[in-house]
*Asks:* 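Handing you this structure, nothing more for now.
Positions are given from 1, in the same order as the sequence printed here. All of these numbers come straight from a predicted model, not from anything done at the bench.
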Amino acid sequence: MELSRTDALAVERTRLANERTFLAYFRSAIVFLSSGFAIIKIDALRDITDIGYFLLVIAPLLFLVGLLRFFYVKRQVKKYYYIEE
C-alpha cells in the first residue's frame, strides 16, 4: 500500500511527536531524580527528605512509562501504515 505524500508527511509528524513526547518524559524523570538527590543531600531540607526519596522512586517509573509508551506508539504507527525503516 503506497501512502500519498500528505499521508506520509502526517505519519512523519506523528513519529516526530512521539519522539518529542518521549524526550519530555525523559527530561521530567531527570528533573525528578536530580531534585530527589538535592533534597536528600541538602541539610536545610532535612524535614522533607521523604519527598526526596519519593522523587527518587518516581523518576525511574516515569522514565519506564515514557519508554513503554514510545515503543507502543511506534509499533502502532508501523502496524497501521506499513512503514519501512
Side-chain angles (χ1 to χ4, degrees):
M1 175 175 116
E2 185 68 29
L3 292 176
S4 70
R5 185 167 177 85
T6 304
D7 289 340
L9 289 174
V11 170
E12 189 60 30
R13 280 193 303 270
T14 302
R15 291 171 132 194
L16 292 173
N18 189 33
E19 290 177 12
R20 282 192 308 272
T21 302
F22 169 70
L23 290 174
Y25 273 101
F26 181 73
R27 184 176 54 241
S28 297
I30 294 297
V31 168
F32 279 31
L33 191 66
S34 61
S35 298
F37 278 126
I39 289 171
I40 291 169
K41 291 294 183 183
I42 296 175
D43 290 334
L45 301 175
R46 210 168 270 218
D47 295 339
I48 59 170
T49 54
D50 291 340
I51 294 173
Y53 287 113
F54 177 72
L55 290 174
L56 289 179
V57 170
I58 293 296
L61 295 176
L62 186 62
F63 176 74
L64 184 63
V65 167
L67 193 64
L68 292 174
R69 185 192 174 285
F70 173 76
F71 285 117
Y72 173 77
V73 171
K74 185 176 180 177
R75 187 174 55 242
Q76 292 299 315
V77 168
K78 204 175 206 180
K79 177 181 173 183
Y80 289 112
Y81 293 104
Y82 307 106
I83 301 228
E84 299 283 329
E85 287 196 22

*Asks:* Please report the shortest heavy-atom distance between Lys74 and Asn18, naming the atom on each side.
*Replies:*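 Lys74 and Asn18 have their closest heavy atoms at N-ND2, 3.7 Å.
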
*Asks:* Under the salt bridge (charged side-chain N to carboxylate O under 4.0 Å, His left out) rule, collect the residues that match up with Asp47, sequence neighbours excluded.
*Replies:*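 For Asp47, no residue satisfies salt bridge (charged side-chain N to carboxylate O under 4.0 Å, His left out) once neighbours in sequence are set aside.
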
*Asks:* Quick check: is Leu55 connected to Ile48 through a chain of hydrophobic side chains (ILVMFWY, heavy atoms under 4.5 Å apart)?
*Replies:*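 Linked, Ile48 and Leu55 end up in one cluster.
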
*Asks:* Spell out, yes or no, whether Tyr80 and Val73 are grouped together once hydrophobic residues are joined by side-chain heavy atoms under 4.5 Å, including indirect joins.
*Replies:*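 Yes: a chain of side-chain contacts under 4.5 Å links Tyr80 to Val73.
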
*Asks:* Are Phe63 and Tyr25 packed together at the side-chain level, in the sense that at least one heavy-atom pair is separated by less than 4.5 angstrom?
*Replies:*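 Of all side-chain heavy-atom pairs linking Tyr25 with Phe63, none is under 4.5 Å.
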
*Asks:* Is Leu56 reachable from Leu61 through a run of hydrophobic residues whose side-chain heavy atoms are each under 4.5 Å from the next?
*Replies:*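 Different clusters: Leu61 never reaches Leu56 through Ile, Leu, Val, Met, Phe, Trp or Tyr contacts under 4.5 Å.
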
*Asks:* Starting at CD1 of Ile58, measure out to OG of Ser35 and round the result to the nearest 0.5 Å.
*Replies:*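 Reported to 0.5 Å precision, the distance equals 13.0 Å.
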
*Asks:* To the nearest 0.5 Å, how far apart are CD1 in Ile51 and CD1 in Ile40?
*Replies:*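 Nearest 0.5 Å value for the CD1-CD1 distance: 11.0 Å.
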
*Asks:* Write down the atom of Ala59, the atom of Leu33, and the distance for their closest heavy-atom approach.
*Replies:*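 Minimum heavy-atom separation between Ala59 and Leu33: CB-N, 3.7 Å.
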
*Asks:* Report whether Ile42 and Val31 are members of the same hydrophobic cluster (ILVMFWY, side-chain heavy atoms less than 4.5 Å apart, transitive linking).
*Replies:*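 Different clusters.
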
*Asks:* Would you say Phe71 ends up clustered with Phe22 if hydrophobic residues are merged whenever their side chains have heavy atoms under 4.5 Å apart, either directly or through other cluster members?
*Replies:*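 Same cluster: Phe22 reaches Phe71 through Ile, Leu, Val, Met, Phe, Trp or Tyr contacts under 4.5 Å.
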
*Asks:* For residues 27-62, which residue pairs qualify under ring pair (Phe, Tyr, Trp, His ring centres under 6.0 Å), counting only residues two or more places apart or in two chains?
*Replies:*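 Residue pairs passing ring pair (Phe, Tyr, Trp, His ring centres under 6.0 Å), neighbours aside: none found.
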
*Asks:* The criterion is salt bridge (charged side-chain N to carboxylate O under 4.0 Å, His left out); which residues satisfy it with Arg5, sequence neighbours excluded?
*Replies:*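 If we apply the salt bridge (charged side-chain N to carboxylate O under 4.0 Å, His left out) test to Arg5, skipping adjacent residues, there are no hits.
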
*Asks:* Specify the closest pair of heavy atoms between Val11 and Val77, including all atoms of both residues, with the distance to one decimal.
*Replies:*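 It is CG1-CG1, 3.7 Å.
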
*Asks:* Which heavy atom in Val57 sits nearest to a heavy atom in Pro60, and how many Å separate them?
*Replies:*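 For Val57 versus Pro60, the nearest heavy atoms are O-CD, 3.4 Å.
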
*Asks:* Among pairs that include at least one residue of residues 57-67, which meet side-chain hydrogen bond (donor to acceptor under 3.5 Å, both in side chains), considering only residues two or more places apart or in two chains?
*Replies:*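 The answer is none; no pair qualifies.
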
*Asks:* My understanding is that only residues two or more places apart in sequence, or in another chain, count here; which of them pass side-chain hydrogen bond (donor to acceptor under 3.5 Å, both in side chains) with Thr6?
*Replies:*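 Here no residue qualifies.
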
*Asks:* In Å, rounded to the nearest 0.5 Å, how long is the span from OG1 of Thr14 to CG of Leu9?
*Replies:*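 Output value for this atom pair is 10.5 Å.
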
*Asks:* Assess the residue pair Leu64 and Leu68 against the criterion (side chain to side chain contact (heavy atoms under 4.5 Å, CB included)); give the C-alpha distance rounded to whole Å, side-chain angles, the decisive distance to 0.1 Å, and a yes or no.
*Replies:* CA-CA 6 Å; Leu64 184 63; Leu68 292 174; 4.1 Å; yes

*Asks:* What do you reckon, is CZ of Phe70 surrounded by more than 12 foreign heavy atoms closer than 6.0 Å?
*Replies:*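 More than 12 heavy atoms, drawn from other residues, nucleotides or ligands, come within 6.0 Å of this atom.
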
*Asks:* Taking only residues at least two apart or on different chains, which pairs with a member in residues 20-43 satisfy salt bridge (charged side-chain N to carboxylate O under 4.0 Å, His left out)?
*Replies:*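 Listed by first then second residue: Asp43-Arg46.
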
